[in-house]
Amino acid sequence: MPSRRTVIGTVACTLVTGCSGLSDPSSQEATATPAPVVLSPVDAAAVPHTATVGIFSETTTELIAATRDASAAVTDHGWAHVLHQFDCFAFDGTTYAVVERTSGSVGYVKEYSVSEVDNPGNESTVRVADLPGSHRRTAVDAIAAGKHRYDSDKGGFEPNSSVYAYNGSYYVFSLEDTADKPTVVRYSVEPTDGNRCVTLEPLSLDAAQVEALDATLQPDAASTVTDDPAQTLAASDAGFVIRDGTCYELSTPNDGTGT
């Protein structure tokens, strides 16, 4: 026999609309849809030093490895180019900076064409046979190939005469091009004593959330992020996010912008 409380509740719900939820417990368990967030690409140099910047799990792993080996190059990582624009960053209790180093030679390369002439005229002439052994072989090879390359780092035969005599003929080494040897730019992560540093926060997005986020993000336009990725980002302390070499500002939509 139903209790007096059950009967009263049943009668009350027949008189008042909107009580159907009492007989449908599943309606009380509905989960609210996460509010969307907007990620807008920004110039990393403009990010304030007081900001917290979110990084993804793979970036965290690569960054940990780089902090343990200051000699490791991180030039090929997109996040390194973003972090390089910050004066410094705090990560795992220590402050670091992405430092740019240049390496390479200050030397030069000269390119020559080699051609035969009928008469040396009044130009100074050097007999190939009179050159030192290694230079003589190089000169003979250059005459056969019709070209010669001199690298200041390697040394060797550098033509200093207009005409060279070899095997009864005369050859002119004409300078076609001179170029400085390129330098190599290299980024590495090094500790620093800076005190105006952004703070890096590893984000807790799982693989499915990262995949959904990557499908939404645009490197040159604002993107609206929804569902679980939005909820995870909103729950973090990050006001900015680094992804694939781009820095994004995290905000909430207010006027329908974003896609």
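Predicted, not measured: the structure shown is a model, and the values here were computed from it.
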Handout entry: Any side-chain heavy-atom pair of Leu205 and Leu213 under 4.5 Å
Key = yes
Exercise for the section: Check Pro48 against Val198 and note the closest heavy-atom contact, atom names and distance. Expected result: O-CG1, 3.4 Å
Handout entry: Donor-acceptor pair, side chain of Gln209 and main chain of Asp206, under 3.5 angstrom
Key = yes
Handout entry: Check: Val53 and Thr199 side chains under 4.5 Å, non-hydrogen atoms
Key = no
Handout entry: Contact list for residues 111-162, test disulfide (SG to SG under 2.5 Å), sequence neighbours left out
Key = none
Practice task
Indicate yes or no: at least one non-hydrogen side-chain atom of Thr33 is less than 4.5 angstrom from one of Thr226.
Solution key: no
Problem - Heavy-atom neighbours of Asp118 CG exceed 12 at 6.0 Å - result: no
Practice task
Evaluate whether atom CG of Asp193 has more than 12 neighbouring non-hydrogen atoms of other residues, nucleotides or ligands under 6.0 angstrom away.
Solution key: no
Problem - Side-chain (Thr246) to main-chain (Pro41) donor-acceptor, under 3.5 angstrom - result: no
Exercise for the section: Would you sort out whether Tyr164 and Thr125 count as a side-chain contact (heavy atoms from CB on, under 4.5 Å), showing the intermediate values? Expected result: CA-CA 5 Å; Tyr164 287 82; Thr125 302; over 6 Å; no
Fill in the blank from the handout: Closest heavy-atom pair, Pro229 versus Ala212, reported as atoms and distance to 0.1 Å, is CG-CB, 4.1 Å
Practice task
Start with the C-alpha distance between Phe91 and Val189, add both sets of side-chain angles, then the distance that settles side-chain contact (heavy atoms from CB on, under 4.5 Å), and finish with yes or no.
Solution key: CA-CA 11 Å; Phe91 176 69; Val189 177; over 6 Å; no
Problem - Test item: Tyr108 and Tyr150 side chains (from C-beta on) under 4.5 Å apart, heavy atoms - result: yes
Exercise for the section: Taking the side chain as every heavy atom from C-beta outward, state whether Glu100 and Val185 have any atom pair closer than 4.5 Å. Expected result: yes
Practice task
Keeping to residues at least two apart or across chains, list the ring-ring contact (aromatic ring centres under 6.0 Å, His included) pairs with something in residues 221-244.
Solution key: none
Problem - Non-neighbouring partners of Thr138 that pass side chain to side chain donor-acceptor pair (under 3.5 Å), sequence neighbours left out - result: none
Completion exercise
His135 meets the side chain to side chain donor-acceptor pair (under 3.5 Å) criterion, sequence neighbours left out, with none
Exercise for the section: Determine whether more than 12 heavy atoms belonging to other residues, nucleotides or ligands lie under 6.0 Å from atom NZ of Lys147. Expected result: no
Exercise for the section: Please lay out, stage by stage, how Val241 and Ile55 fare under the test side-chain contact (heavy atoms from CB on, under 4.5 Å). Expected result: CA-CA 6 Å; Val241 172; Ile55 56 175; over 6 Å; no
Exercise for the section: Nearest 0.5 Å please: distance from the CG atom of Leu200 over to the CD1 atom of Ile242. Expected result: 6.0 Å
Practice task
Drop me the distance from Phe89's CZ to Leu83's CG, to the nearest 0.5 angstrom.
Solution key: 5.0 Å
Exercise for the section: Assess the side chains of Glu249 and Ser40: does a donor N or O sit below 3.5 Å from an acceptor N or O? Expected result: no
Problem - Note, Val109 side chain near Asp153 side chain (heavy atom, < 4.5 Å) - result: no
Check: residues 167-178 side-chain donor-acceptor pairs under 3.5 Å, at least two apart:
residue: Ser169; atom: OG; partner: Glu116; partner atom: OE2; Å: 3.3
residue: Glu176; atom: OE2; partner: Ser113; partner atom: OG; Å: 2.6

Fill in the blank from the handout: Taken to the nearest 0.5 Å, the spacing of Leu217 CG from Thr224 OG1 works out to 11.0 Å
Problem - Test ring pair (Phe, Tyr, Trp, His ring centres under 6.0 Å) applied to Tyr187 - qualifying residues, sequence neighbours left out - result: His81, His84
Exercise for the section: Measure across Pro36 and Pro253 and return the closest heavy-atom pair with its distance rounded to 0.1 Å. Expected result: O-CD, 3.3 Å
Practice task
Taking all non-hydrogen atoms of both residues into account, name the closest pair between Ala90 and Cys197 and its distance.
Solution key: N-CB, 4.0 Å
Problem - Residues in side chain to side chain donor-acceptor pair (under 3.5 Å) contact with Asp69, at least two apart in sequence or another chain - result: Ser71
Practice task
Mind listing the closest non-hydrogen atom pair of Val163 and Pro120 along with its distance?
Solution key: CG1-CB, 3.9 Å
Practice task
Using the test side-chain contact (heavy atoms from CB on, under 4.5 Å), find all partners of Asp87 that sit at least two apart in sequence or belong to another chain.
Solution key: none
Problem - OG1-CG distance between Thr232 and Leu203, expressed to the nearest 0.5 angstrom - result: 9.0 Å
Practice task
Determine, step by step, whether Val225 and Leu39 satisfy the side-chain contact (heavy atoms from CB on, under 4.5 Å) criterion, reporting the C-alpha distance in whole Å, the side-chain angles of both residues, the deciding distance to 0.1 Å, and the verdict.
Solution key: CA-CA 7 Å; Val225 181; Leu39 289 176; 4.0 Å; yes
Handout entry: Phe56 with Val47, same ILVMFWY side-chain cluster at under 4.5 Å
Key = no
Exercise for the section: Ignoring hydrogens and angles, tell me if any N or O in the side chain of Glu201 forms a donor-acceptor pair with the backbone of Asp237 under 3.5 Å. Expected result: yes
Problem - Joint cluster assignment, Val184 & Val74, ILVMFWY side-chain distance < 4.5 Å - result: no
Handout entry: Spacing of CZ belonging to Arg101 relative to OG1 belonging to Thr183, to within rounding of 0.5 Å
Key = 14.5 Å
Handout entry: Spacing of CG belonging to Asn195 relative to SG belonging to Cys88, to within rounding of 0.5 Å
Key = 7.0 Å
Practice task
Determine which pairs satisfy disulfide (SG to SG under 2.5 Å) with at least one residue from residues 134-192, sequence neighbours left out, and list them in order.
Solution key: none
Exercise for the section: Please check if Val99 and Tyr96 belong to a single hydrophobic cluster, counting links between Ile, Leu, Val, Met, Phe, Trp and Tyr side chain heavy atoms closer than 4.5 Å. Expected result: no
Problem - Polar side-chain atom of Thr67 near backbone of Ile64 as donor-acceptor pair, under 3.5 Å - result: yes
Completion exercise
Heavy-atom nearest pair, Ser223 first then Thr216, reads OG-O, 3.3 Å
Exercise for the section: Output all residues satisfying side chain to side chain donor-acceptor pair (under 3.5 Å) with Arg136, sequence neighbours left out; order by chain, then residue number. Expected result: none
Handout entry: Set of ring pair (Phe, Tyr, Trp, His ring centres under 6.0 Å) partners for Tyr248, sequence neighbours left out
Key = none
Handout entry: Plane angle bin for His148 and Phe157 - parallel if under 30°, tilted between 30 and 60°, otherwise perpendicular
Key = tilted
Handout entry: salt bridge (Lys or Arg N to Asp or Glu O under 4.0 Å) contacts touching residues 208-223 (sequence neighbours left out)
Key = Asp214-Arg243
Problem - Arg149/Glu158 ion pair, N-O < 4.0 Å - result: no
